[in-house]
Amino acid sequence: MNRPRLALALAGSAIALVMTSPAEAQVAPMPAAVLDRACNGKGEGEITRTDIARAMLVEAGIPAAEIITGRTLQVSDVGHSLDEILAGILEAAPVAQVRGILAEDVPGPRRTALRFGVHALEDRLNDQSERVTVVRPGNQPISLFADGQPAWRITCKAPDPADNPADPPSPPARFAIRETPEELWLTGRARRKAGAFALGFERSRSVLENGTRETNTSFNIDGTVGLRVTPDTSRDFHAYLFATYNLQQDRTRPPPTLAAGESESDDDTNALALGIDGQYAGCLGGCAHGLPLELNLQMATIFDFANDASRLRLRAILTPRPVIDLGLCRVSVFSRGPLRSRCEFSAEIQGARVLRRGTTELGNYDSYLALGGRAGIEFFLPTLPSEDAATGFFASLNYRFLPVVHGPPEDIERLEIKIGHRFWTAGNVGIDVGFTYTKGTNELSFEEEDVLGFGLGLIF
């Protein structure tokens, strides 16, 4: 496998972008807060682009003295026509102000914060929202601040009397099933884009030249279960006890002829990681003066049953979350349109102390240290109406490259490609059906793999 450093370079660039946060950075407006502010006092009435722009500016933390507020002028002696013209200009002022910030040549903190807020709100409205009713002629994607008069209509919903606005948001699930420990805490729409706990089984039969019938069976398990240990009141930090299991087993019947000392299980992957994952979601330097990011800190003991080995692993993963349009995809959030795309870049550092060597690929080393990054791109094509845009076809490509700076000479490198279809049950459980191809270093066992499989995935 070649060892390009593209993933590492891109991850470093993304981290550098987050690190260059001027002191005057603004808060990234969150969709729910913007809609609540825009609908305040509207009852079940319609909100305009001006209402959204004004709410967006306030939620972005822009000082009130700098926000141009729209208002309706009183009829005066100058006549109705001039009064209406002036009123129209002032009503359009918040929209013009947002457009002006978005169009700034220098990517300052205001532009970054507003772009994040606008993209996040557009995604929420395109997928529908519990707070408002959205009408989109022809299901055309919403572009909030595009030129021309908007064709969409957004109407506020009357708040449920049973809802207490002072109630805190729902915490992450107490028990979760996902692909990786880093995804256990995800809720809402973010949860619907998480990876799935995978189960695969394949069997094929053939007749050999000597007339013998041969049966080949492949079975695999790959995923994580977690139990949240932080209290419901915790907001920016969550911790989960987790177990990640990876099994890859191939068998042939009748058994093949093996050399002395060899076994059918020699090429198996059978490893379990038990540990704790702590996740912080916030902003570097505080959200009043920084950009969004996620930081995962993990400590786990890994038992490699196939190689009779074990090790203690520490890992940190830093994922910046600025919204950047790269053309082919958007960083952090899915792009708009029928075919949605999203990119993600992370920096990772990993170290381990070998507790038992066994026959592991780590060889004679007692410890190792590796640092590098991850890069991935996802595509999603919804197959149901916009109100259930989490159901559809997906494809993803993820690449991980961790040069080893101390320890085994082989770098940690892995390519993973997935293609399939995701749907959701009435109980809000996600099911994936599709193909997965992996090539490179297994994360738990350090075995070199080259596997194509078909199976089911589960998100709970």
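Please read all numbers here as calculations on a predicted model, not as lab measurements.
At distances below 3.5 Å, at least one donor-acceptor pair connects side-chain atoms of R311 with backbone N or O atoms of L444. Between the T230 side chain and the A239 main chain, a donor and an acceptor come within less than 3.5 Å of each other. Looking only at distances, a side-chain donor or acceptor of D325 sits under 3.5 Å from a matching main-chain atom of G327. Between the R49 side chain and the A146 main chain, a donor and an acceptor come within less than 3.5 Å of each other.
Counting only heavy atoms from C-beta outward, the side chains of V331 and F345 approach each other to under 4.5 Å. For the pair V95/F145, a side-chain contact is recorded, criterion being any heavy-atom separation below 4.5 Å from C-beta on. Counting heavy atoms from C-beta on, the side chains of R330 and S341 never come closer than 4.5 Å. Counting heavy atoms from C-beta on, the side chains of L184 and P172 never come closer than 4.5 Å. You'll find the side chain of F460 stays beyond 4.5 Å of the side chain of F197, heavy atoms only. Side-chain atoms of V118 and F116, non-hydrogen and from C-beta on, never get closer than 4.5 Å to each other. Residues L121 and M56 form a side-chain contact, since some pair of their non-hydrogen atoms from C-beta on lies under 4.5 Å apart. Between N246 and N442 the shortest side-chain heavy-atom distance falls below 4.5 Å.
With salt bridges taken as basic N to acidic carboxylate O contacts below 4.0 Å, one links E294 and R321. For R340 and E378, the salt-bridge test fails: no basic side-chain N is under 4.0 Å from an acidic carboxylate O.
Applying the side chain to side chain donor-acceptor pair (under 3.5 Å) test to D277 and every residue at least two apart in sequence or in another chain returns N296, Q298. With sequence neighbours left out, R99 forms a side chain to side chain donor-acceptor pair (under 3.5 Å) with no residue at all. Shown here are the side chain to side chain donor-acceptor pair (under 3.5 Å) partners of R153, two or more places apart in sequence or in another chain: E46.
More than 12 heavy-atom neighbours from other residues, nucleotides or ligands sit within 6.0 angstrom of CG on L326.
Residue A55 comes nearest to A38 through the heavy atom pair CB-N, 3.9 Å, listed as atom of the first residue, atom of the second, then distance. Residues W185 and E182 share a closest heavy-atom pair of NE1-O, 3.0 Å. Scanning both residues, A281 and Q279, for their nearest heavy atoms gives CB-NE2, 3.3 Å. Considering all non-hydrogen atoms of both residues, R178 and A176 come closest at NH2-CB, 3.8 Å. Contact record, L114 with I101: CD1-CG2, 3.5 Å, taken as the closest heavy-atom pair.
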side-chain contact (heavy atoms from CB on, under 4.5 Å) for N428 and R191? Distances and angles first, verdict last. CA-CA 11 Å; N428 205 23; R191 168 181 172 271; 3.3 Å; yes
Trace of the salt bridge (charged side-chain N to carboxylate O under 4.0 Å, His left out) decision for E348 with R374: CA-CA 7 Å; E348 178 179 352; R374 308 177 180 191; 2.8 Å; yes
Tell me, with the steps shown, if E443 and R313 meet salt bridge (charged side-chain N to carboxylate O under 4.0 Å, His left out). CA-CA 11 Å; E443 185 172 309; R313 183 186 69 186; 3.8 Å; yes
Would T155 and V134 count as a side-chain contact (heavy atoms from CB on, under 4.5 Å) if you check the C-alpha gap in whole Å, the side-chain angles of each, and the deciding distance to 0.1 Å? CA-CA 7 Å; T155 305; V134 183; over 6 Å; no
Could you walk me through whether E179 and T224 pass the side-chain hydrogen bond (donor to acceptor under 3.5 Å, both in side chains) check? CA-CA 5 Å; E179 181 180 12; T224 300; over 6 Å; no
Decide yes or no on side-chain hydrogen bond (donor to acceptor under 3.5 Å, both in side chains) for E416 and Y399, but give the supporting numbers first. CA-CA 6 Å; E416 184 177 80; Y399 176 70; over 6 Å; no
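A ring-centre distance under 6.0 Å is not found for F237 and Y280. When ring centroids are compared, Y368 and F446 come within the 6.0 Å threshold.
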